[in-house]
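Just so you know, these numbers come straight off a predicted model, no measurement behind them. Remember, it's 1-based here, ligands and their atoms both numbered in the order they're listed. Residue numbers run from 1 in the order of the sequence given.
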Amino acid sequence: MERIRSAIDKAREARGENTPARRARPELPAALAENWQMLAQADVNPRLLHRNRILAIEGGPESGPFDMLRTKVLQQMRANNWRRLAITSPTSGCGKTTTSANLAFSFARQPELRVVVVEADMRRPALAKTLGQKGIGHQFGRVLAGQASWAEHMLRIGSNLAFATNAAPVNHSAELLQSATARRALEEVERALDPSVMIFDTPPLLVSDDTLGFLDQVDCVLLVAEAETTTIDEIDNCEQDLAARSNVLGVVLNKCRYMGKGYGYDYDYGY
Ligand SMILES: Nc1ncnc2c1ncn2[C@@H]1O[C@H](COP(=O)(O)OP(=O)(O)OP(=O)(O)O)[C@@H](O)[C@H]1O
Ligand SMILES: [Mg+2]
């Protein structure tokens, strides 16, 4: 994130614009800061992220919908002392990974927050690719299986945003997600990095039992629906299943082609 900011600042300077004043990042306790420093720093390409529809790296009209979503989510999570959020959808391709990453970048622009994104969709891992980090070879499934340490399989963007990704699909992911070993591994990550928000990019609800079986490990859920594709029945069935097991924060309606023009902005994303 710092690298991206500095590139943006340089571009602004080159254009003769003033660099916006940055808000100071609060000092972390030494042990916590050390744990964050242990994570490999990702080399991110803002243009590639943009191509992959990761638009919330810096503030502005494109990140507006995610910033609104961030604030609504954060208010509810804080009010209830929750910190684990699952992002799911009825079927595949609705935009879970894109929403998870954008929401994470939006949260991370609040310097007092620490944000961890865990790829819990291990059947079709895509988070590393979405972040332009396909070659890093991290396999967080090994951490969940108790075979490796969290520090070896997570990457950091800036100083307060971390991603736990998988380079390859993980076998028996439903069983793994429900295992005591995975539960302990996640608790360890939580102890080590003390995230204010932990986002889980989970598999589609109607495709496997991975997410249903994992819901007892999160505090709340967002359901992502795809405009013109997801049916009302699918949303209804999923909401009922989710509400029986967790706290549903709302439904994000993604890929809306017809959005109203509000306050001079024209968004692609709706929720
Ligand atoms: N608002 C949007 N408008 C247009 N395309 C989008 C939008 N959101 C996501 N996409 C694109 O749709 C595709 C699927 O998005 P994404 O990978 O986030 O979905 P997913 O729910 O995580 O899919 P999967 O179930 O396969 O994990 C990607 O190519 C992504 O770039
Ligand atoms: Mg996905």
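Side-chain atoms of F200 and R84, non-hydrogen and from C-beta on, do get closer than 4.5 Å to each other.
By the 3.5 Å distance cut-off applied to N or O atoms, P204 is not counted among the residues near ligand 1. For ligand 1, the polar-atom distance check against N52 finds no nitrogen or oxygen pair separated by under 3.5 Å.
Each of L113, L39, V115 was compared with L161 under the side-chain contact (heavy atoms from CB on, under 4.5 Å) criterion, and only V115 meets it. Here the options are I199, T88, L69, L242, the test is side-chain contact (heavy atoms from CB on, under 4.5 Å), and the partner is L222; only L69 passes.
Among G95, A101, P203, S100, the residue whose heavy atom lies closest to atom 19 (O) of ligand 1 is G95. Summarising the contacts of atom 10 (N) of ligand 1 with K129, E119, K255, the nearest heavy atom is found in K255.
Within the 4.0 Å heavy-atom criterion, the part of N254 lying near ligand 1 is the side chain and not the backbone. Using a 4.0 Å cut-off between heavy atoms, T91 makes no contact with ligand 1 at all. Residue K96 touches ligand 1 through backbone and side chain together, judged by heavy-atom distances below 4.0 Å.
Every atom of ligand 1 with a heavy atom of D121 under 4.0 Å away is listed here by number and element: 27 (O). For ligand 1, the atoms lying closer than 4.0 Å to a non-hydrogen atom of G93 are 14 (C), 19 (O), 20 (P), 21 (O), 23 (O), 24 (P), 25 (O), 26 (O). With ligand atoms numbered from 1 in the order given, ligand 1 contributes 9 (C), 15 (O), 16 (P), 18 (O), 30 (C) to contacts under 4.0 Å with heavy atoms of T98. Which parts of ligand 1 touch R124 is read off a 4.0 Å heavy-atom cut-off, strictly below it: atoms 24 (P), 26 (O).
When the shell of 6.0 Å around CG of D216 is examined, it contains more than 12 heavy atoms from other residues, nucleotides or ligands.
No side-chain donor from either of T130 and N52 sits under 3.5 Å from a side-chain acceptor of the other. Residues H50 and E62 have side chains that bring a donor and an acceptor to within less than 3.5 angstrom of each other.
Note on ring orientation: taking the six-membered ring where Trp is involved, the planes of F105 and F163 are tilted (angle from 30° to 60°).
Residue D201 holds its CG atom at 11.0 Å from CE of M122, rounded to the nearest 0.5 Å.
Every heavy atom of A126 sits 4.0 Å or more from the atoms of ligand 1.
Because the distance cut-off is set at 2.8 Å, T97 qualifies as a neighbour of the Mg ion (ligand 2) through one of its N, O or S atoms.
With hydrogens and angles ignored, the 3.5 Å screen pairs a side-chain donor or acceptor of S63 with a backbone N or O of E58.
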